[in-house]
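Numbered from 1 within each chain, the chains take letters A, B, ... in sequence-line order.
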Amino acid sequence: MPARTMASKIWESHVVAARDGEPDLLYVDLHLVHEVTSPQAFESLRLNNRRVRRPDLTLATMDHDVPTRGGRAEADPLAERQMASLEENCRREGIALYGMGNARQGIVHVIGPELGLTQPGMVIVCGDSHTSTHGAMGALAFGIGTSEVEHVLATQCLRQGRPKDMAVTIEGELPLGVTAKDIALGVIAHIGVAGGQGHVIEYRGSAIRALSMEGRLTVCNMTIEGGARAGMVAPDATTFAYLKGRPHAPVAGQWEQAVEHWRSLATDRDATFDRDVVIDAAALEPYVSWGTNPGQSVRVSGRVPEPRTETDERALRYMALDPGTAIEAIAIDRVFIGSCTNARMEDLRLAATVVRGRTVHPRVRAMVVPGSALVKRQAEEEGLDAVFRQAGFEWRDAGCSMCLGMNPDILGPGERCASTSNRNFEGRQGRGGRTHLVSPPMAAAAAIAGHLVDVREFH
Amino acid sequence: MDPFTRVTGVLAPLDRANVDTDQIIPKQFLKRIERSGYGPFLFYDWRRSGDFILDRPAYQGATVLVTGPNFGCGSSREHAPWSLLDAGFRAVIAPSFADIFKSNSFRCGLLPVELPEPVTRQLIDLALEEPGMAVTVDLVAQRVTLSSISLPRLGRVGEGVSFSIDPFFRECVLNGWDEVALSLRQDADIARYEAMRPGWLPVTR
Ligand code: SF4
């Protein structure tokens, strides 16, 4: 058999049918569903008298719309209607739902790995572009639209053209204070927001191997911001240790069999990629986005760049920034620590380390929104909520929250936010709001300082 | 899905790169549980900030949009092509599209047409210089043609420029096929695959 990449191996083992001139019909091992992109899919099934083929391979949660304080009563009528419609659809089709108030509720890309549902070698889809997150466990995972959601509900399959393979190799040791988020922003700054179009990215190299499971989830999460639909990391001892004992992980007896299969997934030594990008880990720094797409990022020690394109000029105008301004001189009004990129335990611990014993700057309104109800509970067991609260942070319930502002958590016009989320598009966090993407420790430091600041020199 | 064979109509220019789905349809409009009714919210924030190009009288009723590279990047929301369709657009011409946006568009009958950047550049300039000019996008012939003007990169009147497109999705869009119905016919293949899946794979309940 010719040498193959991990993506090829997973792809080929999921082809249900292949015909000339047609995209492959791929089997889906896990379909994650949330309240915003599914109602029209369920409705169309109903109108066509179709049923969900595999409710046992489907899991639903509520994350995008949910209020993060005050419970469901705080949801606006439209959000409430969307949640009620998800409940009704799941009830009718027998789909497990972790709704508001459930101990396992949370952002769809946080709960999959956390519950051990996301496993190496699987094909995972969700009506959400950050499904790329799950690839960190060695799965092939990508976001789909609502028509495809309907297709998967009805057939448990998806018709997909085969993507090309791209390797992003990060070799060397990350400097102190540089996190997985900085790798992600550094990669996108390097390849551009469309750099991965048509590809699946495999992250490789010693810096990736050295990352924790949660760090890898952060890197793969941001893959879509570089234009690639899926990002992945070969499963290894870190992956297996993370999975073992989780609620849906294989149990004793099956575990060994599963691990043996998982070990066979790594890209063969002689396999080649359609594109290769190599990045020196030692040269990375904490990154900060200055513009209105995630590729418009610079090192924290840098300055707002001179615009080179019309797009840059637009971005500078929207962000109300002058070229040449030192990044550390940018004052902020809000801090958001949350999202499927950076709201897992490790993120909260790192941020808490910076915050401990300090006080949020008087001008700044800062909030922490855990990625899931389980993360929230564990953080509280570790006393992190007290650390954040004492410093002046708001401590909220789990959800997407101000990552996209579909719930009441939004930026006001002109407000400037240091955010651990993944998109700094115009208006993403609220109409007229200005987003600077950073890592959790960088966001925490900015909350204390009142401006963007290099966490490595922050004492 | 309505079949798409060809469309002739006003060409509207949006001279921006990396137009993301948050701009096409901001999140506050994703709370609807219907598939239609998104047209009034297309490019909502840009429209509200005044003098938005697509609001100029000459581009009213436009059915084809020409824009910059990486159109539709960002989220997977199919509400983006739905809102373009609902606002009357049937085709978008760009040098490149974000992967998920392109796949969503095919699946709801909005035709994404990829043409090289020099050609889209010329189309944008033309639509700006001759507001209200018409263009034809022909999926059967796989050509974009102008009805009244000859241009170096666009060929003579009636000749136009050809584009390539995934043959499977071309068939689906031309015929307005229901992809789910097509796949349901492969039930036996699916069942055969399911019987071979290893036992350790997780179930959700
Ligand atoms: S946290 Fe943000 S990026 Fe992640 S799923 Fe929610 S809205 Fe999407």
Between [options], which has the largest tally of heavy atom pairs under 4.5 Å with chain A?
{"options": "B:I190, B:D15, B:L184, B:D178", "answer": "B:I190"}
{"options": "B:P198, B:G199, B:G74, B:A80", "answer": "B:G74"}
{"options": "B:M1, B:R32, B:R77", "answer": "B:R32"}
{"options": "B:S103, B:A17, B:P81", "answer": "B:S103"}
{"options": "B:D166, B:L201, B:L30", "answer": "B:L30"}
{"options": "B:N70, B:L182, B:D187, B:T21", "answer": "B:N70"}

Using a heavy-atom distance cut-off of less than 4.5 Å, which residues of residues 47-69 of chain B contact chain A?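 Result: B:R48, B:S49.
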Chain A contact residues among residues 104-113 of chain B, heavy-atom distance under 4.5 Å: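 Interface residues of residues 104-113 of chain B: B:N104, B:R107.
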If you measure from CD on A:Q156 to OG on B:S183, what distance do you get to the nearest 0.5 Å?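 Result: 12.5 Å between the selected atoms.
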How long is the gap from CG on B:D138 to CZ on B:F4, to the nearest 0.5 Å?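 Between B:D138 CG and B:F4 CZ, I get 8.5 Å after rounding to 0.5 Å.
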Which atoms of [X] approach chain B - backbone, side chain, both or neither, heavy atom under 4.5 Å:
{"X": "A:P294", "result": "neither"}
{"X": "A:Q429", "result": "backbone"}
{"X": "A:R246", "result": "neither"}
{"X": "A:S38", "result": "neither"}
{"X": "A:R423", "result": "side chain"}
{"X": "A:H14", "result": "both"}
{"X": "A:T58", "result": "backbone"}
{"X": "A:L57", "result": "both"}
{"X": "A:I144", "result": "backbone"}
{"X": "A:T146", "result": "both"}
{"X": "A:L25", "result": "side chain"}
{"X": "A:D29", "result": "both"}
{"X": "A:A258", "result": "both"}
{"X": "A:T155", "result": "both"}

Need one label for [X]: side chain, backbone, both or neither, based on atoms under 4.5 Å from any heavy atom in chain A.
{"X": "B:F97", "result": "backbone"}
{"X": "B:F168", "result": "both"}
{"X": "B:E171", "result": "neither"}
{"X": "B:Q186", "result": "side chain"}

Polar contact flag, side-chain donor to acceptor under 3.5 angstrom, B:D20-B:Q23: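 Yes.
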Quick one: do the A:T435 and A:R428 side chains pair a donor with an acceptor below 3.5 Å?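 Not at all, the side chains of A:T435 and A:R428 share no donor-acceptor pair under 3.5 Å.
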Is A:E260 atom CD crowded by more than 12 heavy atoms from other residues, nucleotides or ligands, each under 6.0 Å away?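 Atom CD in A:E260 is not crowded, with 12 or fewer foreign heavy atoms closer than 6.0 Å.
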Counting only heavy atoms not in B:R6, do more than 12 fall under 6.0 Å of its CZ?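 No, not enclosed.
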Under a 3.5 Å distance rule, please check whether [X] uses its side chain to pair with a backbone N or O of [Y] as donor and acceptor.
{"X": "A:S132", "Y": "A:F142", "result": "no"}
{"X": "A:N407", "Y": "A:D65", "result": "no"}
{"X": "A:R431", "Y": "A:P413", "result": "no"}
{"X": "B:R170", "Y": "B:L139", "result": "yes"}
{"X": "B:Q142", "Y": "B:S162", "result": "no"}
{"X": "B:R143", "Y": "B:G160", "result": "yes"}

Side chains of A:D312 and A:Q296: does their closest heavy-atom pair fall under 4.5 Å?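 In short, these two side chains touch, coming nearer than 4.5 Å.
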Assess the pair B:F101 and B:F71: is the distance between their ring centroids shorter than 6.0 Å?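 Yes: the rings meet the under 6.0 Å criterion.
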A:E88 bridged to A:R46 by N-O distance under 4.0 Å: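 Salt bridge flag = no for A:R46 with A:E88.
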